[in-house]
Protein chains: 4
Amino acid sequence: MARSIGQLGTPAQGRELRARGRRTMRKLLDAGVETFAKRGYHAARVDDIVKRAKISHGTFYLYFANKEELFLTLTQEVADEMVGLADDFPAIEVGPKGYLELRSWLTRLVEVYERYGPVLRAWTETEIGASEFGRLGTDVWTEFSRVLIEQIRRSSTNDLDPQIAALAVVAMIERFNYYVLARQVDVSRDDMLDTLASVTHAGLFGGANETPG
Amino acid sequence: MARSIGQLGTPAQGRELRARGRRTMRKLLDAGVETFAKRGYHAARVDDIVKRAKISHGTFYLYFANKEELFLTLTQEVADEMVGLADDFPAIEVGPKGYLELRSWLTRLVEVYERYGPVLRAWTETEIGASEFGRLGTDVWTEFSRVLIEQIRRSSTNDLDPQIAALAVVAMIERFNYYVLARQVDVSRDDMLDTLASVTHAGLFGGANETPG
Amino acid sequence: MARSIGQLGTPAQGRELRARGRRTMRKLLDAGVETFAKRGYHAARVDDIVKRAKISHGTFYLYFANKEELFLTLTQEVADEMVGLADDFPAIEVGPKGYLELRSWLTRLVEVYERYGPVLRAWTETEIGASEFGRLGTDVWTEFSRVLIEQIRRSSTNDLDPQIAALAVVAMIERFNYYVLARQVDVSRDDMLDTLASVTHAGLFGGANETPG
Amino acid sequence: MARSIGQLGTPAQGRELRARGRRTMRKLLDAGVETFAKRGYHAARVDDIVKRAKISHGTFYLYFANKEELFLTLTQEVADEMVGLADDFPAIEVGPKGYLELRSWLTRLVEVYERYGPVLRAWTETEIGASEFGRLGTDVWTEFSRVLIEQIRRSSTNDLDPQIAALAVVAMIERFNYYVLARQVDVSRDDMLDTLASVTHAGLFGGANETPG
DNA sequence: TATGAATGAGATTTCATTCAT
DNA sequence: AATGAATGAAATCTCATTCAT
């Protein structure tokens, strides 16, 4: 496809950005998340993004080579948050203390999901397993699961394959968040957290399904 | 657009189809599923579908007004299967018998997912709650959950909100299937079923995490 | 930059073309030459080409991935003609017979140049030595010179390095044609051929500058 | 556009330039030649030029209204050199003395070409005969040829049309230089000069193909 | 019933030029 | 005198849909 070799606007990943430039970039990233949230990754047009960011069309390409690259940048941001979160995963006890710790960790996860959900979901849209894209996506959840696996191995009373069990739970959390955020189901945030914590605690850590009240 | 659902009104559905026509239509529907699987709904182009079906471009429009209508037709097919499946959901006991019944029901669900997963996933991509589309998608899972809710209400020993619990489980099942089918995780089908059954049984029906062996 | 993988219109190099398709392709190639002639390669827009070919914009991309690919196809055509021509280069004698044979061979060369001059000139515009482009360009003239070198080696009475001498002549022929065709100088075709033949005959093959009349 | 040639009226040419300004301008002109050399006139972007000059984008427009004006400034520089060179063209004798004088004059021409070749070549790219541009280009070579014509008329022993003969030689010189500079052929500078001098001397001035050695 | 070819609206991308500091 | 950022017009390219055979 042989695009011309010298690129005009070196998408600003490389160059040093002044305050104004950083502000513009932030505006574009935020507009990106919002647009992906509203239309999904594929349906989102660069035009939607720049309109939302109140930025001219040409400026977009000063910062990103294309929509995919903006997405990849967002991806890095989530990955960082997620890995940090996974590192903080506590040892879960069977009793009420374990339940509460689990719940409060899940709260943080839901917060990340609330901010970056559209980005996380976008991976689903994409051709699977193929691109840099897919690989990156896997990595986030994999790293995430890795930690869970350790915990389950230590805490769990049942004899499930820890890897599979962790995956199942991550899947549930992700999907459930999706349903709630996508308003396909109407549930308060607290109720969601109670349920997530409870099911996870009971299903994986041998907890006794203690819910508040 | 905006055709009634019952009578989709796709070009070829008003007409009587001869054997050859039916074969062509089947080829297109199958190619549709495969293409959605590979690229996702939005990224799938009519051109991809016809190439895969080894059908000429023009012929496509003899059978479907556009990509969406092909999708809607597939949707009908899944919906039929899913509702049938939901109707067959058994009462789940706490003991090993309950576990086995749950597992064998999940087996059938996984089979449906293996065939129609891409179609089920496609809803996710679409702007949510908006289209005829989204509504239909919701309906399948809602109907599906409705039955689960009943069962949980009857069987569950814990005091979770049955609606939320059902949703969490459906979410897990769907997502887990997705991971496995997308080969983002390498797990045998039997292991997957063991885990799904076990986690669900323990997490929702008070089962004791009995796994075979 | 990471275009989608499945291409819509496989630029028609591969596919079998029916009569109509071949006609359209020919129209595009011809319009290409004319447009390059008028505006030069770089200044030529795809839009100019399709307008001249009276073809819709989209159709262009059914046949060529972009302007460069159309150019490359033309390039193949010239290369074929030029190599054929080089193979026919006669042994040049010192006397009038040699002059006439040289002149008639040059006539054929000028005809090729009249048809494909714009394509030959376009190489000049392009980044030099770098692209597939440049290499291809070199090859045509190189192959061309190779044959001349042989002839000069056999016929020439002087002790010039044959390679350099051949190159100098090819250069002169090419450039002179360019001036004449570009109407930067007003000379009849016959006068041009007389001069080319005469200067070449004298300068390289030891001829006595015999011109008719 | 359409500024008078004598007073180019480029932003910085009306102003008095301090040492720093002159340095910046020189950097831009040099970067211009290099960029035209590398990409050709049309493909060269203002961005390429400023990057090479290590000058900011905005600064360019402090000195030149656009790319064309930078080019026109360069053009003035070459034109001056070339006209001076043409004025110095010596009368060429048939014998060795003529050969040597011709050769040493060609040496100077090649030096100019080495410095400004890209600028000279750029004319070729442009739509011919049309712009202020093209006219200027023609003028350089025309003035140049005019002198040669005089010399050939005086010196030549053959009965070629002097105008055509002169043109042919100019063409050869220009083209040959191009090939060599473009490294499409690998020849030492001395060999190139020997050949150019020899072919020209023999082909046009009745020389006896004397080469050193 | 089927096909290859053509279309054109809309999306993406480039880049000369202007602006604010 | 210089700069980084922004702009928008114009070009490229894609692809759902229609057409003629």
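The figures here come from the full heavy-atom set of this structure, side chains too, leaving out hydrogens, waters and symmetry mates.
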Check every atom of F/dT14, F/dA2, F/dA6 against the side chain of D/Thr59 and return the nucleotide holding the closest atom. F/dA2
On DNA chain E, does the nearest nucleotide to B/Lys54 precede the nearest nucleotide to C/Lys54 from the 5' side, or the other way round? Give the residue. B/Lys54
Identify which nucleotide among F/dT3, E/dT18, E/dT3 has an atom closest to any side-chain atom of B/Ile55, counting heavy atoms from C-beta outward. E/dT3
Sidechain-backbone polar pair: C/Thr35 side chain, C/Ala31 backbone, donor-acceptor under 3.5 Å: yes
Judged by nearest nucleotide, the residue sitting upstream toward the 5' end of DNA chain F, B/Gly58 or C/Ala44, is C/Ala44
Heavy atoms of other groups near D/Arg26 CZ, more than 12 under 6.0 Å: yes
Can you tell me the distance, in whole Å, between the CZ atom of B/Phe64 and the P atom of E/dT1? 14 Å
Side-chain touch D/Lys38/D/Arg52, heavy atoms, less than 4.5 angstrom: yes
Using both distances under 3.5 Å as the test, list the Watson-Crick or G-U wobble partner of F/dA1, or none. none
For D/Tyr61 and E/dT17, is the shortest distance between a side-chain N/O and OP1 or OP2 below 4.0 Å? yes
Between C/Thr24 and B/Ser56, the residue closer to the 5' end of DNA chain E by nearest nucleotide is B/Ser56
Please check the phosphate of F/dG4 (OP1 and OP2 only) for any side-chain N or O of A/Arg18 closer than 4.0 Å. no
Quick one: which of E/dT12, E/dT17, F/dT7 gets closest to the side chain of D/Val46? E/dT17
Candidates F/dT12, E/dA2, F/dT17 - which lies nearest the side chain of B/Tyr63: E/dA2
Figure out the CD1/P separation between B/Ile49 and F/dC15, and round it to whole Å. 13 Å
Quick check: does any side chain N or O of B/Asp48 sit under 3.5 Å from a backbone N or O of B/Lys51, one acting as donor and the other as acceptor? no
When you compare the side chain of A/Tyr41 with that of A/Lys67, does any pair of heavy atoms fall below 4.5 Å? yes
Does E/dA11 pair with anything, Watson-Crick or G-U wobble, both distances under 3.5 Å, and if so, with which nucleotide? F/dT12
As a test of reading the structure: which of E/dA2, F/dC13, F/dT17 is closest to the side chain of C/Asn66, going by heavy atoms? F/dC13
Does B/Arg20 make a side-chain N or O approach to OP1 or OP2 of E/dA2 shorter than 4.0 Å? yes
